[in-house]
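For the numbers below, each heavy atom of this structure counts, side chains included, while hydrogens, waters and symmetry mates do not. Each chain gets a letter, A, B and so on, in the order its sequence line appears, and its residues count up from 1.
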Protein chains: 2
Amino acid sequence: MDLTERKKKILRAIIENYIQTAEPVGSKVIAATPGLNVSSATIRNEMADLEALGLLEQPHTSAGRIPSPGGYRVYVNELMEDYRLSVQETRKLNEALHLKMRELDQVIDQAGRVISQLTQYPAFALAAGTSRVTIQRFDLLMVSSDSFIIVVMTDTNVVRNRLVRLPSDLSEAQLQLLNTLLNTTFTGLTLDEITPELMRVASHAAGEAYGLISLVVSFAMDVLESLEQRTVHTAGIASLLSHPEYRSLDRAAPLMSYLSEEEDAGRFPVPQGDPMEILIGPENVADALKDTSVVVASYDIGDGMRGVIGVVGPTRMDYAKITARLSYFAAGLSRLFEQGGLPPGDDREK
Amino acid sequence: MDLTERKKKILRAIIENYIQTAEPVGSKVIAATPGLNVSSATIRNEMADLEALGLLEQPHTSAGRIPSPGGYRVYVNELMEDYRLSVQETRKLNEALHLKMRELDQVIDQAGRVISQLTQYPAFALAAGTSRVTIQRFDLLMVSSDSFIIVVMTDTNVVRNRLVRLPSDLSEAQLQLLNTLLNTTFTGLTLDEITPELMRVASHAAGEAYGLISLVVSFAMDVLESLEQRTVHTAGIASLLSHPEYRSLDRAAPLMSYLSEEEDAGRFPVPQGDPMEILIGPENVADALKDTSVVVASYDIGDGMRGVIGVVGPTRMDYAKITARLSYFAAGLSRLFEQGGLPPGDDREK
DNA sequence: TTTTAGCACTCATTCTCCCTGAGTGCTAAT
DNA sequence: ATTAGCACTCAGGGAGAATGAGTGCTAAAA
């Protein structure tokens with residue numbers, strides 16, 4: 001967008017003022033900004049120009065101006081100065097990165113909660129883009145004569161287990177046999193490749209323990225399925241209410257229900273290319289987000305997966321602050337996953 | 001509460017009317033209830049009596065009456081008729097019991113979501129009262145020359161695992177030794193009983209692999225810790241907004257933030273004795289719940305643990321319907337846990 | 001040519017006042 | 001003991017009127 005220096009200054013002043021106050025800003029307050037030594041009348045002329053360019057809007061004739069989505073776009077792309085995180089903020093963010101967790105799903109969930117708390121906006125979190133997973137190895141551990149543990153490990157180094165109790169006894173030798181059979185037949189296969197026919201053949205080969213094959217394999221299939229299925233976590237929905245644009249229920253209710261809909265990934269934007277993306281108002285695809293802004297960042301999980309965290313808020317959002325915090329946090333998460341996977345209790349490690 | 005038959009009839013009619021309409025009910029509508037062949041004037045006299053007894057309230061002189069918390073109490077204890085679940089409802093509830101899940105924590109979370117959806121009120125879910133857990137058995141599974149899987153099983157039959165990658169190589173024999181050492185030294189101990197001193201002694205005994213002892217044991221300790229720590233899950237907060245009493249943000253906002261506070265168990269009531277409890281308005285301990293009602297039910301998880309699910313709503317709540325649904329669902333969960341623990345993918349089984 | 005002071009005009013917001021109607025309590029009659 | 005009737009109360013809603021922030025335009029100044 002080609003604007004004179006002064007217009008840029010004025011636009012920035014208006015937007016930053018509006019971000020703070022949530023009130024339409026008039027020519028008078030802008031005329032008072034330091035470094036801008038012109039009268040309010042001049043500002044009014046300039047504001048009329050900016051409105052003609054589609055960067056400002058007027059709620060009604062006798063009100064000040066508010067930024068249009070296009071105005072925010074120009075602000076975000078060209079005018080916004082990098083927000084410098086304070087020492088305190090950095091410390092807080094670092095502390096928040098000491099996540100206590102076990103499963104990937106729970107890490108993601110927690111990351112969302114934390115970022116919501118940190119930004120005071122509702123947040124969503126999900127993981128995207130895993131490739132096709134296969135089982136790399138089976139282990140069966142005898143516990144007692146009538147129970148054993150199944151341990152499976154995928155090619156993405158996720159390990160899952162299950163304790164099974166049997167109606168009848170089983171010998172160590174039988175288990176051994178079963179184990180070998182599983183490792184020769186069912187490793188390296190994706191979910192689709194495990195056919196009923198394959199199961200039948202294997203069951204036959206297992207002899208006495210034929211029933212156990214299907215038990216173990218169906219567990220393995222559940223694991224594969226659970227790894228491919230994506231869910232979204234949302235957090236901090238109530239924090240919406242602290243922002244003046246959501247003081248009216250007509251505005252708040254639909255957005256809140258949209259956010260708390262049962263987990264269905266794909267309803268939130270995911271950054272393409274850049275690790276951070278800002279979607280302002282109508283730039284959002286989902287109808288419910290058409291007059292909100294979404295700031296979303298991604299981080300590297302490893303194994304071809306990316307984590308996504310984002311916050312949702314009014315278009316009047318402190319983009320500088322939010323992007324600074326979000327990108328810092330996402331970078332921290334990337335680092336966390338890179339150096340040794342998840343914290344203690346986890347079931348995967350780099 | 002000793003009331004004449006007619007007073008009971010009137011009180012019930014008022015409460016049930018108010019539950020439906022959320023509007024103060026006048027003498028006229030009550031006079032119209034079938035089976036109550038008296039004039040509105042008589043009703044007015046009776047209503048005045050009921051108000052004197054503290055069972056009804058009048059928002060202002062020229063309005064109808066609304067039930068007081070005490071009135072609801074009498075209703076719930078003596079007047080309410082059992083709500084008969086329709087076939088459709090039963091089917092819906094049964095369907096909802098086909099939970100897809102893996103970890104106990106996730107089951108609990110999901111139960112909360114489901115019950116919120118089923119009742120249209122915000123719900124909370126938690127697990128209460130575990131005994132002290134110990135590790136019953138360790139297994140170390142060699143994966144490659146520089147990595148292995150730790151599998152631990154607790155006395156409550158929870159199995160957890162972790163994949164470890166080492167900076168240096170390790171032989172099968174060393175791992176075997178380590179395994180034996182762990183099983184002789186660290187089984188049957190609660191979290192407190194695993195002292196640094198014990199760790200030191202064991203590390204010494206491990207010889208070359210001394211560093212691995214602390215690695216495995218600290219994983220075990222994390223598992224124990226995670227099993228003892230209780231968290232609350234809340235769901236369906238946005239559904240509050242669909243009820244007329246929360247159409248004003250002043251009422252909705254504080255309750256919503258209370259509900260979405262970071263998980264801190266103990267902030268929600270847990271049924272004592274009876275498997276179901278109803279707390280009406282000021283009967284709640286928490287300030288934020290003083291003018292809401294909470295209906296809470298518990299179900300048996302096994303291993304000395306009880307699951308708790310509850311819903312939160314206005315004191316004007318359809319107690320009959322809610323309690324019917326909640327107790328049916330809780331009973332279903334009990335059954336589910338009893339017969340074979342969690343569905344596929346889970347890490348524990350009866 | 002650009003900027004500014006001044007002025008008339010617009011319009012959301014707030015308030016005040018008044019009306020309406022639902023619902024009550026009381027009294028006198030049944 | 002019940003009921004019909006009546007005077008009274010009061011929340012809610014709508015119509016103006018007052019307020020004031022902010023604008024656009026014009027004519028003068030730089």
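- Remark: P of dA22(C) and CZ of Arg65(B) are 18 Å apart, rounded to the nearest angstrom.
- Of the candidate nucleotides dA5(C), dG22(D), dG25(C), dA5(C) has the atom lying nearest to any side-chain atom of Ser39(A).
- Look at CD1 on Ile43(A): it is 10 Å from P on dT23(D), rounded to the nearest Å.
- In the set dT23(D), dC10(D), dT2(D), the nucleotide with an atom closest to the side chain of Arg6(B) is dT2(D).
- The distance from atom CG of Leu56(B) to atom C1' of dG23(C) is 14 Å, rounded to the nearest whole Å.
- Taking atom CG of Asp49(A) as the reference point, atom P of dT23(D) lies 14 Å away to the nearest angstrom.
- As rounded to whole Å, 17 Å separates atom C1' of dT23(D) from atom CD of Glu57(A).
- Using bins of under 30°, 30° to 60° and over 60° for the plane-to-plane angle, the ring pair Tyr258(B)/Phe268(B) lands in the perpendicular bin.
- Evaluated for a salt bridge (Lys or Arg N to Asp or Glu O under 4.0 Å) with Glu46(A), the options Lys7(A), Arg65(A), Lys9(A) yield exactly one hit, Lys7(A).
- Among the atoms of the strands shown, only primed sugar atoms or phosphate atoms (P, OP1, OP2) are found under 4.0 Å from some heavy atom of Thr61(A).
- Distances shown here put every side-chain N or O of Arg44(A) at or beyond 4.0 Å from the OP1 or OP2 atom of dT26(D).
- Listed candidates were dT23(D), dT4(C), dC11(C). Nearest to the side chain of Ser62(A) is dC11(C).
- Contact annotation for Ser40(B): no contact, since no heavy-atom pair falls under 4.0 Å across all strands.
- Nucleotide dC25(D) holds its P atom 9 Å from the CG atom of Asn45(A), rounded to whole Å.
- Listed nucleotides dT23(D), dT2(D), dA4(D) differ in distance to Ala41(B); the shortest reach to its side chain belongs to dA4(D).
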